[in-house]
Amino acid sequence: MHRSAALDMPDVPKGQLPPHLELQRTRVLCNFDAPTHTENIQYSGAYASMGVDNSLRMDKFCKDFRVEVIRLSEDDMEFDLVGIDPSIANAFRRILIAEVPTMAIEKVLIANNTSVVQDEVLAHRLGLIPIDADPRLFEYFSENDTPNEKNTIVLKLHVCCERGSPRLTVKSNELKWLPNGSEFPLATENTTSDPTSKPKTYTSFSCSQDTLPEFSNKFLGPKHPDITIARLGPGQEIELEAHVVKGMGKTHAKWSPVATAWYRMLPEVVLLQDIEDEKAEELVKKCPVNVFDIEDIAKGKKKATVVRPRACTLCRECIRGDDWDKYVAIRRVKNHFIFTIESTGALPPEVLFTEAVKILEDKCERVITELS
């Protein structure tokens, strides 16, 4: 094997890293057995001897950072976060799961339940139903607060399966919004009160919620009407009230606004040398997600090309056996993240990400305030 002395190696311009160090700094190398260079070099003086400043500078961050939306629908969103550290991407993921508030059923008042579903299980199932209500329009409800039109939504469920009728499936569309608050009378010890006065209930609404401008043209209730709650047999009945309040996923998963929020580093597939004819056809067949394709070149020859690197799942089939790692290199870009958000329906996915950015900004401001 030919070895070169250090003095015989080509000069590298001052302020630039040699190609092999730049590759280690910006890419994760995915070998057939295990990935290498997975760490991020944070020390600002790591490359000071080569005249390279590795410190985080705001001007460089603003120049390199960008967000590119790849796919957007009502319930899910895929976008690219380019030019950020993995810790920031993970902070967004954790905030989306645990700290962006939503509305969920917290208290269930059961007047009658003769179904086979126990009261506790029924309440738990109700709590996991996504509620179509903007949490930014409501206040948090604490133990010392009184349920009112600003912190509580009341839903009513009253379904009965008549005797002689077939079994009845109770779905989420049976939950009806009560804009005037609870209709269940509050049990009190004072039985000598004026019978003509309005009985106290479990909420204290000063006005009807549908008279408020933010709710006048919107129905508050389950996001999806076809979620199964229970099945009733002949003669069985469910009558209850469900009180919806604002909360966060770190308190209970029912308040998490996302079904999932995850990211992966951008795959990079590189052909280290030309792959032609039978070798090219073999490479195309090895990949299960069709990352490679064949391009016709002069004189009837065929050449393998990379056409869909983003679809690569890093299964490493293309570099297994017969020294294929000398033909193909699989890498991941360390500062390019493919981020996916799947909303439960309470808020659109693009709004969820905007709210996560605001929460992270507030956290940074609190840290700066404490340190100043």
Side-chain angles (χ1 to χ4, degrees), residues 25-28 30 34-35 37-42 56 58 60-62 64-104 127-128 130-136 140 223 246-268 289 309-315 330-368:
R25 188 177 71 89
T26 60
R27 301 292 189 271
V28 175
C30 301
H37 307 303
T38 58
E39 69 282 350
N40 276 337
I41 300 175
Q42 304 285 354
L56 177 62
M58 182 58 67
K60 186 177 185 302
F61 173 79
C62 295
D64 297 340
F65 177 71
R66 67 182 188 274
V67 179
E68 299 177 359
V69 178
I70 306 300
R71 185 185 74 252
L72 177 62
S73 64
E74 182 182 359
D75 293 325
D76 64 89
M77 175 183 183
E78 181 182 311
F79 58 95
D80 288 2
L81 286 175
V82 186
I84 66 170
D85 191 80
S87 60
I88 305 298
N90 193 47
F92 285 136
R93 182 190 67 84
R94 292 173 62 93
I95 291 173
L96 282 166
I97 293 174
E99 297 189 49
V100 175
T102 58
M103 306 294 291
L128 296 177
I131 304 298
D132 187 11
D134 193 339
R136 296 171 294 183
Y140 283 101
K223 173 67 176 179
K246 184 177 179 179
M248 289 187 291
K250 63 183 180 182
T251 303
H252 193 284
K254 65 184 177 184
W255 279 298
S256 181
V258 295
T260 183
W262 61 281
Y263 61 86
R264 62 189 179 102
M265 287 184 284
L266 177 71
E268 184 179 71
V289 291
R310 190 183 182 93
C312 179
T313 60
L314 274 74
C315 65
I330 305 176
R331 306 164 185 164
R332 287 207 173 194
V333 184
K334 289 185 179 181
N335 66 343
H336 190 142
F337 299 94
I338 301 173
F339 213 106
T340 304
I341 299 175
E342 294 183 9
S343 172
T344 59
L347 289 173
E350 67 273 18
V351 176
L352 291 178
F353 182 69
T354 304
E355 292 299 308
V357 173
K358 293 178 182 178
I359 292 173
L360 183 60
E361 182 182 3
D362 291 340
K363 288 174 174 284
C364 295
E365 289 180 354
R366 288 200 297 271
V367 172
I368 294 173

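The first residue of the sequence shown is numbered 1, and numbering continues consecutively from there.
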Stepwise side-chain contact (heavy atoms from CB on, under 4.5 Å) check, V100 with I95: CA-CA 6 Å; V100 175; I95 291 173; 4.1 Å; yes
From CA spacing to verdict: side-chain contact (heavy atoms from CB on, under 4.5 Å), M265, V333: CA-CA 6 Å; M265 287 184 284; V333 184; 5.8 Å; no
Step-by-step side-chain contact (heavy atoms from CB on, under 4.5 Å) determination, F353 to V69: CA-CA 12 Å; F353 182 69; V69 178; over 6 Å; no
Worked check of side-chain contact (heavy atoms from CB on, under 4.5 Å) between D64 and V82: CA-CA 7 Å; D64 297 340; V82 186; over 6 Å; no
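When the ring pair (Phe, Tyr, Trp, His ring centres under 6.0 Å) test is applied to F65, the partners found at least two apart in sequence or on another chain are F61. For the ring pair (Phe, Tyr, Trp, His ring centres under 6.0 Å) test, residues two or more places apart in sequence or in another chain that qualify with F337 are Y263. Residues satisfying the side-chain contact (heavy atoms from CB on, under 4.5 Å) test with T38, not counting sequence neighbours, are V28, P35.
Within the structure, the side-chain hydrogen bond (donor to acceptor under 3.5 Å, both in side chains) test picks out the following pairs touching residues 73-87 (sequence neighbours left out): Q42-D85, R71-D76, R71-E78, S73-D76, E74-K223, E78-R310, D80-R310, D80-H336, D85-S87. Annotation: salt bridge (Lys or Arg N to Asp or Glu O under 4.0 Å) contacts involving residues 343-360, sequence neighbours excluded, comprise R136-E355, E355-K358. Among residue pairs with one or both ends in residues 92-103, those qualifying as salt bridge (Lys or Arg N to Asp or Glu O under 4.0 Å) are E99-K363; sequence neighbours excluded.
Under the 3.5 Å distance criterion, the side-chain polar atoms of T102 are matched with a main-chain donor or acceptor of W255. The closest donor-acceptor contact from the side chain of K334 to the backbone of H37 lies under 3.5 Å. Within the 3.5 Å criterion, the main-chain N or O of I97 finds a donor-acceptor partner in the side chain of S256.
The shortest non-hydrogen separation linking A104 to G127 is CB-O, 4.1 Å. Nearest heavy atoms, L96 versus L352: CD2-O, 3.5 Å. Residues P135 and P101 come closest through the heavy atom pair CG-O, 3.2 Å. Listed here is the closest heavy atom pair of V289 and A311: CG2-O, 3.5 Å. The shortest heavy-atom contact between D132 and G345 is OD1-O, 4.4 Å.
Put simply, the side chain of P257 does not reach to within 4.5 Å of the side chain of L347, judged on heavy atoms.
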